[in-house]
Amino acid sequence: MLQTVFIRENREKVIQALAKRNMDAATLVDEVIALDEKRRSTQVELDTVLSESNKLSKDIGELMKAGEKAKAVILREKTTQYKEKSKELTEVLNTVTEELTQALYKLPNTPADIVPQGKSADDNEEVHREGDIPALFEGAMPHWELAKKYDIIDFELGNKITGAGFPVYKGKGARLQRALISYFLDKNTEAGYKEYQVPHLVNEASGYGTGQLPDKEGQMYHVGVDDLYLIPTAEVPVTNMFRDVIIEEKDLPVLCTGYTPCFRREAGSYGSHVRGLNRLHQFDKVEIVRIEKPEASYAALDGMVEHVKLLLKELKLPYRILRLCGGDMGFASALTYDFEVFSTAQDRWLEISSVSNFETFQSNRLKLRYRDRDNKNHLAHTLNGSSLALPRVLAGILENYQTPDGIVIPEVLRPYTGFDIIN
């Protein structure tokens with residue numbers, strides 16, 4: 001979340017920045033400032049009362065030592081009044097602090113200066129495009145028809161077992177899925193990312209820590225009895241490993257990668273654009289997460305973008321990169337680049353990665369700091385990216401690599417699959 005001191009000292013700047021998200025934040029910003037002022041004044045009053053109470057206790061001790069018990073008794077009555085006052089002020093402080101926290105939770109991150117103005121995905125800026133779009137043969141199919149023809153993904157069986165959006169991968173389809181996971185993890189670890197296997201359920205604190213709660217509560221699967229959430233991305237458990245942690249400056253940057261299934265309700269997603277693998281409730285994804293010093297985070301973001309580009313080049317998939325506009329950015333992001341692969345049979349672009357810099361938005365919630373050489377603590381910057389989300393990458397491979405004789409496996413994946421064609 002945004003820091004109160006920054007909001008207080010930069011009211012107009014925050015309001016103008018959030019206007020890029022098409023948000024009129026003036027009322028909420030003023031509420032935050034007013035609550036922060038009340039919190040600070042209450043804290044000062046409480047500190048004064050506690051100081052006077054401590055001084056009084058010391059005076060009582062000295063009077064008792066001097067044998068002036070009568071005077072000490074009189075002062076004890078005042079200490080009782082101070083205790084009642086401090087209890088009252090503590091209750092007020094706790095209430096105001098909670099109200100302030102809840103107000104801050106409603107404010108999204110301020111977009112970076114480079115973020116374009118815009119209301120929707122139509123206003124995103126294309127910043128890079130690479131790869132040749134193949135000319136498919138007559139009779140080429142979309143991936144959901146290919147999956148049925150070659151018996152590699154069964155959407156109906158998944159619907160029987162669970163419901164729509166939970167496919168079953170079979171035979172060479174399952175092996176191709178596993179090959180992609182292994183390939184992505186190997187490329188990430190070769191690039192210096194440390195691999196982690198993390199829980200697939202998280203507690204409420206973890207959801208708040210990375211910004212999924214309360215913003216995306218309706219999109220997350222909730223296990224009510226245990227008050228746990230199925231993760232929407234590995235970003236949540238991986239980043240939360242560092243909640244309430246102080247990292248030594250010499251240990252930065254921290255680079256993490258992990259594979260997890262991801263679970264998203266995707267409420268309200270209907271229509272032909274969500275057919276097949278285009279949008280699922282359960283899908284696999286390999287994630288990269290970085291913790292950086294603030295002055296290094298945007299260079300790190302550029303490095304993450306280059307890393308994802310390398311994966312797509314090796315897979316030889318046509319792709320483009322979009323810089324998201326203010327109206328299409330995630331709640332916690334300061335700057336996001338989306339990667340999209342071209343689905344030839346569908347004649348449309350499919351998002352397969354988002355690479356984002358959250359600056360201090362997540363670390364302020366997480367209390368994730370680093371200690372500099374002068375022994376001072378500072379909020380770190382957090383970044384994350386998909387490298388990559390599997391369903392649409394798989395859809396792109398099935399459609400772009402199809403031939404009349406079968407689906408050719410990208411050369412870079414053949415050591416992982418053990419076969420070079422699905423037929």
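Surrounding CG of Asp132 are at most 12 heavy atoms belonging to other residues, nucleotides or ligands under 6.0 Å away. Around atom NZ of Lys313, more than 12 heavy atoms belonging to other residues, nucleotides or ligands sit under 6.0 Å away. Shown here is Glu411, whose CD atom has no more than 12 heavy atoms of other residues, nucleotides or ligands within 6.0 Å. The 12-atom threshold is exceeded at CG of Asp251, counting heavy atoms of other residues, nucleotides or ligands nearer than 6.0 Å.
If you check the side chains of Asn94 and Glu98, you find no donor sitting under 3.5 Å from an acceptor. Using a 3.5 Å distance cut-off with no hydrogens or angles, the side chains of Arg365 and Tyr105 do not pair a donor with an acceptor. Judged purely by distance below 3.5 Å, without hydrogens or angles, the side chains of Asn109 and Glu359 never pair a donor atom with an acceptor atom. Defined by atom type and a distance below 3.5 Å, a donor-acceptor pair is present between the side-chain atoms of Glu314 and Tyr183. Side-chain contact check for Glu399 and His143: at least one donor-acceptor pair (N or O, by modelled atom type) lies under 3.5 Å. Checking Asn278 against Gln346 by side-chain atom types alone, a donor-acceptor pair falls below 3.5 Å.
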- Task: Check the pair Leu176 / Tyr169 against side-chain contact (heavy atoms from CB on, under 4.5 Å), numbers first and verdict last.
- Result: CA-CA 9 Å; Leu176 178 55; Tyr169 298 86; over 6 Å; no
- Query: Hey, mind stepping through Leu93 and Leu46 against side-chain contact (heavy atoms from CB on, under 4.5 Å) and telling me if it holds?
  - Reply: CA-CA 9 Å; Leu93 181 62; Leu46 176 60; 4.0 Å; yes
- Working for side-chain contact (heavy atoms from CB on, under 4.5 Å), residues Val202 and Gln212: CA-CA 11 Å; Val202 294; Gln212 279 70 33; over 6 Å; no
- Message: Quick one, Asp347 with Phe342, criterion side-chain contact (heavy atoms from CB on, under 4.5 Å). Give me CA distance, side-chain angles, the key distance, then yes/no.
- Response: CA-CA 7 Å; Asp347 193 29; Phe342 192 75; 3.3 Å; yes
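In this structure, CG in Leu252 is found 10.5 Å from CZ in Arg290, a value given to the nearest 0.5 Å. Distance check, rounded to the nearest 0.5 Å: CG of Leu413 to OH of Tyr401 gives 8.0 Å. How far CD of Glu126 is from CH2 of Trp349: 6.5 Å, rounded to the nearest 0.5 Å. Distance check: Asn357 CG to His381 NE2 gives 6.5 Å after rounding to the nearest 0.5 Å. The distance from atom CD1 of Ile288 to atom CE of Met304, rounded to the nearest 0.5 Å, is 4.0 Å. Remark: Ile133 CD1 to Asn400 CG distance equals 8.5 Å, nearest 0.5 Å.
Between His307 and Tyr193, the two ring planes are tilted [angle within 30° to 60°]. Note: Phe166 and His281 have tilted aromatic rings, judged against thresholds of 30 and 60 degrees for the angle between ring planes.
The backbone N or O of Gly258 sits nowhere less than 3.5 Å from a side-chain atom of Glu287 that would complete a donor-acceptor pair. Checked by atom type and distance alone, the side chain of Arg264 pairs as donor or acceptor with a backbone atom of Pro232 at under 3.5 Å. Under the 3.5 Å distance criterion, the side-chain polar atoms of Thr417 are matched with a main-chain donor or acceptor of Phe419. Although no hydrogens or angles enter the test, the distance criterion places a donor-acceptor pair under 3.5 Å between the side chain of Lys172 and the main chain of Ile421. In this structure, the side chain of His128 does not engage the main chain of Arg320 through any donor-acceptor pair within 3.5 Å. With hydrogens and angles disregarded, no donor-acceptor distance shorter than 3.5 Å links the side chain of Asn159 to the backbone of Phe155. With Arg392 contributing its side chain and Glu351 its backbone, the two residues share a donor-acceptor pair below 3.5 Å. Side chain of Lys216 to main chain of Leu213: no donor-acceptor pair is present (N/O by atom type, distance under 3.5 Å, no hydrogens or angles). Side-chain atoms of Asp372 come within 3.5 Å of backbone atoms of Lys376 as a donor-acceptor pair (strictly under, hydrogens ignored). Between the side chain of Ser182 and the backbone N or O of Ala179 there is no donor-acceptor pair closer than 3.5 Å.
Put simply, the side chain of Phe361 reaches to within 4.5 Å of the side chain of Leu2, judged on heavy atoms. A heavy-atom distance below 4.5 Å is found between the side chains of Ile152 and Leu398. Pro116 has its side chain out of reach of Asn124: every pair of non-hydrogen atoms, C-beta onward, lies at least 4.5 Å apart. At least one side-chain heavy atom of Tyr337 sits less than 4.5 Å from a side-chain heavy atom of Leu301. Asp420 places none of its side-chain heavy atoms less than 4.5 Å from the side chain of Val408. A 4.5 Å side-chain heavy-atom check between Asn203 and Asp227 finds every atom pair outside the cut-off. Residues Ile231 and Leu201 form no side-chain contact, since every pair of their non-hydrogen atoms from C-beta on lies 4.5 Å or further apart. Looking at heavy atoms from C-beta onward, Leu368 lies in side-chain contact with Ile247 at the 4.5 angstrom threshold.
Tyr416 pairs with exactly one of Ile181, Asp186, Leu180 by the side chain to side chain contact (heavy atoms under 4.5 Å, CB included) rule, that one being Asp186. Among the candidates Glu340, Glu130, Arg129, Lys309, the single residue satisfying the side chain to side chain donor-acceptor pair (under 3.5 Å) test with Tyr319 is Glu130. Each of Arg21, Met329, Met1 was compared with Pro108 under the side chain to side chain contact (heavy atoms under 4.5 Å, CB included) criterion, and only Arg21 meets it.
Taking 4.0 Å as the cut-off between side-chain N and carboxylate O, Lys85 and Glu45 count as a salt-bridged pair. Under a 4.0 Å N-O distance rule, the pair Glu37/Arg40 qualifies as a salt bridge. Between Lys293 and Glu295 there is a salt bridge, with a side-chain nitrogen of the basic residue lying less than 4.0 Å from a carboxylate oxygen of the acidic one. One finds a salt bridge joining Glu190 and Lys187 here, because a Lys/Arg side-chain nitrogen approaches an Asp/Glu carboxylate oxygen to under 4.0 Å.
Closest approach of Leu280 and Gly165 over heavy atoms only: CB-O, 3.6 Å. Across all non-hydrogen atoms, the minimal contact from Ser354 to Thr336 is CB-CG2, 4.1 Å. Taking every heavy atom of both residues into account, His222 and Leu228 meet most closely at CD2-O, 3.2 Å. In terms of heavy-atom proximity, Ala26 sits nearest to Ile15 at CA-CD1, 3.7 Å. Closest of all the heavy-atom pairs between Ser206 and Val236 is O-CG1, 3.8 Å. Val49 and Tyr82 make their closest contact through CG1-O, 3.5 Å (heavy atoms, listed as atom of the first residue, atom of the second, distance).
Ring centroid separation for the pair Phe184 and Tyr259 does not come in under the 6.0 Å cut-off.
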